[in-house]
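Below is one structure, written out as structure tokens; the observations come after it.
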Amino acid sequence: MTARIRPATGADAAAIAAVYRPYVTDSVISFETEPPDAAEMARRMAARPAKPWLVAERDQAVVGYAYASAHRERAAYRWAADVSVYLAAAERSRGTGRALYAQLFELLKDLGYVAAYAGIALPNPASVGLHESMGFGLVGVYRGVGHKFGRWHDVGWWQLALADPRPDDPAEPRPWKEG
Ligand SMILES: CC(C)(COP(=O)(O)OP(=O)(O)OC[C@H]1O[C@@H](n2cnc3c(N)ncnc32)[C@H](O)[C@@H]1OP(=O)(O)O)[C@@H](O)C(=O)NCCC(=O)NCCS
């Protein structure tokens, strides 16, 4: 059985924070050190201009999510989105990461984004495998860019073209409207 993918709403913030929490507290997959609570997650989901947030549901429970955020704040970067995906441990290796990302990239293309970027703390074979299986290529590696749990960690950056070639005169990306 595949998970059901749907747009996230503010009501999902607590469940999303719960999926994310162990990656903050127990791993270097996230470089955060304090897990965001539901209110902080809701604040991130409400960032403007709005970008897509999707959840995966199984048996009416949120078991994963994927979202896009600004790659950088300065204006000329506004067609570039960072993307990320997190699943509850039991949901891994069931096709849910691929399903979330496939819908996320369709939405980003429709909204007028031209490229997606992903920063992956290394090593993370599952994440590298997912991104490369979806067409991402390695850009380069920031060596020792983060320090967590007493060690320095590398971050690899991967990119995926959403428009190829990029348009010469791109339309403004449109804000995402849930659903
Ligand atoms: C990374 C993650 C989202 C992948 O999602 P997933 O649902 O487990 O992956 P899928 O089952 O959709 O697999 C899609 C592809 O990813 C690759 N992949 C998935 N797990 C893999 C693993 N353990 N090793 C290598 N490649 C893997 C494969 O190419 C796979 O395609 P295939 O099934 O046809 O071989 C998931 O493992 C996860 O939540 N990991 C912890 C959080 C995390 O690392 N998030 C990314 C932060 S950068």
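Along the sequence shown, the residues carry numbers beginning at 1. Start at 1 and go down the list; that is how both ligands and their atoms are numbered. What you see is a predicted model; the values in this text were computed from it and never measured.
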Query - Verify atom 35 (O) of ligand 1: protein non-hydrogen atom under 4.0 angstrom away - result: no
**Report entry** Flag, side chain of Asp154 to backbone of Gly144, donor-acceptor distance under 3.5 Å
**Finding:** yes
Requested in this report: Could you go through the side-chain contact (heavy atoms from CB on, under 4.5 Å) check for Leu108 and Val83 one step at a time?
Outcome: CA-CA 10 Å; Leu108 288 173; Val83 294; 3.8 Å; yes
Report task. Evaluate side-chain contact (heavy atoms from CB on, under 4.5 Å) for His131 paired with Ile120, printing each intermediate quantity in order. Result -> CA-CA 10 Å; His131 286 86; Ile120 305 175; 3.5 Å; yes
Report task. Give the intermediate values and the outcome of side-chain contact (heavy atoms from CB on, under 4.5 Å) for residues Trp79 and Arg166. Result -> CA-CA 10 Å; Trp79 291 271; Arg166 285 169 170 67; over 6 Å; no
Query - CZ/Arg58: more than 12 non-hydrogen atoms of other groups inside 6.0 Å - result: yes
Report task. Could you pull out the closest heavy-atom pair between Trp53 and Ala68, with the gap in Å? Result -> NE1-O, 4.2 Å
**Report entry** Those atoms of ligand 1 less than 4.0 Å from some heavy atom in Ser93
**Finding:** 6 (P), 7 (O), 8 (O), 11 (O)
Query - Glu91, any N or O under 3.5 Å of ligand 1 N or O - result: no
Query raised in the report: With a cut-off of 4.0 Å, which atoms of ligand 1 are near a heavy atom of Gly129?
Result: 16 (O), 17 (C), 26 (N), 29 (O)
Query - Polar side-chain atom of Arg48 near backbone of Ala46 as donor-acceptor pair, under 3.5 Å - result: yes
Query raised in the report: Hey, does Gly119 come in under 3.5 Å of ligand 1, counting only N/O atoms on both sides?
Result: no
Report task. For atom 25 (C) of ligand 1, grab the closest protein heavy atom and report residue, atom and distance to one decimal in Å. Result -> Pro125 O, 3.4 Å
Query raised in the report: His131 to ligand 1: N or O pair under 3.5 Å?
Result: no
Query - Exercise check, heavy-atom protein proximity under 4.0 Å to atom 10 (P) of ligand 1 - result: yes
Requested in this report: Could you tell me which non-hydrogen atom of Tyr113 sits nearest to which non-hydrogen atom of Pro173, and how far apart they are?
Outcome: CZ-CB, 3.8 Å
**Report entry** Location of contacts on Arg94 toward ligand 1, heavy atoms closer than 4.0 Å
**Finding:** backbone
Query raised in the report: Taking only heavy atoms of Ser133, which atoms of ligand 1 are found under 4.0 Å from at least one of them?
Result: 15 (C), 29 (O)
Query raised in the report: Side chain of Arg78, backbone of Ala75: donor and acceptor closer than 3.5 Å?
Result: yes
Report task. Would you check the N or O atoms of Arg92, main chain and side chain alike, for any that come under 3.5 Å of an N or O of ligand 1? Result -> yes
Query raised in the report: Taking N or O atoms only and a 3.5 Å limit, does Ile120 qualify as a polar contact for ligand 1?
Result: no
Query raised in the report: Taking non-hydrogen atoms only, is Ala126 closer than 4.0 angstrom to ligand 1 via side chain, backbone, both or neither?
Result: both
Query raised in the report: Which bit of Val128 is near ligand 1, meaning a heavy atom under 4.0 Å away: side chain, backbone, both or neither?
Result: neither
Query raised in the report: So is there a nitrogen or oxygen of Ile29 less than 3.5 Å from a nitrogen or oxygen in ligand 1?
Result: no
Requested in this report: Report yes or no: does Arg174 contribute a side-chain atom to a donor-acceptor pair with the main-chain N or O of Asp110 at less than 3.5 Å?
Outcome: yes
Report task. Evaluate side-chain contact (heavy atoms from CB on, under 4.5 Å) for Arg94 paired with Leu87, printing each intermediate quantity in order. Result -> CA-CA 10 Å; Arg94 302 178 75 172; Leu87 305 181; over 6 Å; no
Requested in this report: For atom 33 (O) of ligand 1, find the nearest protein heavy atom and state the residue, atom name and distance (0.1 Å precision).
Outcome: Arg98 NH2, 4.5 Å
Query raised in the report: Do any non-hydrogen protein atoms sit less than 4.0 Å from atom 13 (O) of ligand 1?
Result: no
Report summary line: Of all protein heavy atoms, the one nearest atom 46 (C) of ligand 1 is Val85 O, 3.3 Å
Query raised in the report: Looking at Pro22 and Ala18, what are the two nearest heavy atoms and their distance?
Result: CD-O, 3.4 Å
Query - For atom 39 (O) of ligand 1, closest protein heavy-atom neighbour - result: Leu87 N, 3.0 Å
Query raised in the report: Taking atom 4 (C) of ligand 1 as the point of reference, which of Leu130, Leu100, Leu122 owns the nearest heavy atom?
Result: Leu130
Report task. From atom 7 (O) of ligand 1, work out which of Ser127, Gly95, Gly97 has a heavy atom at the shortest distance. Result -> Gly97
Query raised in the report: Are the side chain of Asp37 and the backbone N or O of Ala39 linked by a donor-acceptor pair below 3.5 Å?
Result: yes
Query raised in the report: Would one find an N or O of Ser84, backbone or side chain, under 3.5 Å from an N or O of ligand 1?
Result: no
**Report entry** Main-chain N/O of Ser27 paired with Lys148 side-chain donor or acceptor, under 3.5 Å
**Finding:** yes
Query raised in the report: What protein heavy atom sits nearest atom 44 (O) of ligand 1, and how far off is it?
Result: Asn124 ND2, 2.8 Å
